[in-house]
Amino acid sequence: YTLSLHDALPIWMLFVPPTFFHFTLALIRNKEKRKIKLLYVAYAIALISAILHWMGLLTSEYIKVAWKYSPKPGILYRLWLINLAFWLFYGLLHVFRSYQTSKSARERNQLKYFFMGATICIVFSFINVLLSFGIKIYPVGGFTTIIYTGIVAYAIVKYQLMDIRIVIRKSVVYGSLTAAIAGGYF
């Protein structure tokens, strides 16, 4: 059995850096032209990474570390990891700066909980990358994603991090529309 690149490095993972940066800009309501241009750069890098991924150039070899296979870090994979770290921490930096300058107590609480949850998740998720470098350590990143989700859920409920009523309303409308269209075919 040959391990395919698509088995070890999911394509969605390549788009984590720009989508996280995009989300942080939306969260802090930053619409500066310079930041929007940087966002386009982040998406362009992700698209180039996806093309390299499909061509098999991002990583071509896998190493077995304990119970799983991890990509053997080549130069392009290492560059992608630097790209990942840059956009994640750059987004967190913007959230932190916005937290410091916010006048609203509710907004400060929203940003505080998001920053806390995202920082925990990002820092501990990078432990999973150590497997690629042959360091045998239990990958706790998945568990910290659960913690992040819990913290953000708490912020949504307690401090209206996102307007959940709009999300529910749109979900009901789009769900009903989809059901109606699909029902027409049956």
**Prompt:** Of Ile28, Leu25, Thr24, which is the lone residue that meets side-chain contact (heavy atoms from CB on, under 4.5 Å) with Ser98?
**Reply:** Ile28
**Request:** Establish whether Ile36 and Ile45 are linked, either directly or via other cluster members, by ILVMFWY side-chain heavy-atom contacts under 4.5 Å.
**Result:** no
**Asked** Under a 4.5 Å side-chain heavy-atom rule over Ile, Leu, Val, Met, Phe, Trp and Tyr, are Phe15 and Tyr40 clustered together?
**Response** no
**Fill in**
Rounding to 0.5 Å, atoms OH (Tyr90) and CZ (Phe21) come to a distance of 5.5 Å
**Request:** Hey, could you give me the CZ/CD1 distance between Phe143 and Ile120, rounded to the nearest 0.5 Å?
**Result:** 15.5 Å
**Asked** When rounded to the nearest 0.5 angstrom, what distance separates OG1 in Thr119 from CZ in Phe124?
**Response** 11.0 Å
**Prompt:** Are Trp54 and Trp12 co-members of a hydrophobic cluster defined by side-chain heavy atoms under 4.5 Å apart?
**Reply:** yes
**Fill in**
What one should report as the nearest heavy-atom pair of Ser132 and Pro73 is O-CD, 2.9 Å
**Item:** side chain to side chain contact (heavy atoms under 4.5 Å, CB included) assessment of Val41 paired with Lys37
**Value:** CA-CA 6 Å; Val41 169; Lys37 287 180 182 178; 5.7 Å; no
**Message:** Do Met55 and Ile48 land in one hydrophobic cluster if side-chain heavy atoms of ILVMFWY residues count as linked below 4.5 Å?
**Reply:** yes
**Prompt:** Which atoms form the tightest heavy-atom contact between Arg108 and Gln100, and what is the distance?
**Reply:** NH1-O, 3.9 Å
**Request:** Apply side chain to side chain contact (heavy atoms under 4.5 Å, CB included) to the pair Asn83 and Trp87, showing each step before the final yes or no.
**Result:** CA-CA 6 Å; Asn83 173 62; Trp87 291 112; 2.8 Å; yes
**Asked** Taking the side chain as C-beta and beyond, is there a heavy-atom pair between Leu52 and Leu14 under 4.5 Å?
**Response** no
**Request:** Could you tell me which non-hydrogen atom of Asn128 sits nearest to which non-hydrogen atom of Val140, and how far apart they are?
**Result:** OD1-N, 3.3 Å
**Message:** With side chain to side chain contact (heavy atoms under 4.5 Å, CB included) as the criterion, how do Ser125 and Thr144 come out once you've worked through the C-alpha distance, each side chain's angles and the decisive distance to 0.1 Å?
**Reply:** CA-CA 7 Å; Ser125 291; Thr144 59; 3.8 Å; yes
**Asked** Do Ile146 and Met13 share a hydrophobic cluster (ILVMFWY, side-chain heavy atoms under 4.5 Å, transitive)?
**Response** no
**Item:** Ring centre gap for Phe115 and Tyr99 strictly below 6.0 Å
**Value:** no
**Complete:** Separation between CZ (Phe114) and OH (Tyr148), nearest 0.5 Å, reads 4.0 Å
**Request:** Rounded to the nearest 0.5 Å, what's the gap from CD1 on Ile51 to CG on Leu58? Could you check?
**Result:** 12.0 Å
**Request:** Quick one: sort the His22 and Tyr43 rings into parallel, tilted or perpendicular, breaks at 30° and 60°.
**Result:** perpendicular
**Message:** Please report the interatomic distance OG(Ser49) to CG(Leu57), rounded to the nearest 0.5 Å.
**Reply:** 11.5 Å
**Minimum heavy-atom distance between Cys121 and Thr145, given as atom pair plus value** = SG-OG1, 3.7 Å
**Asked** Is Phe133 close to Leu81 at the side-chain level, that is, under 4.5 Å between some pair of heavy atoms?
**Response** yes
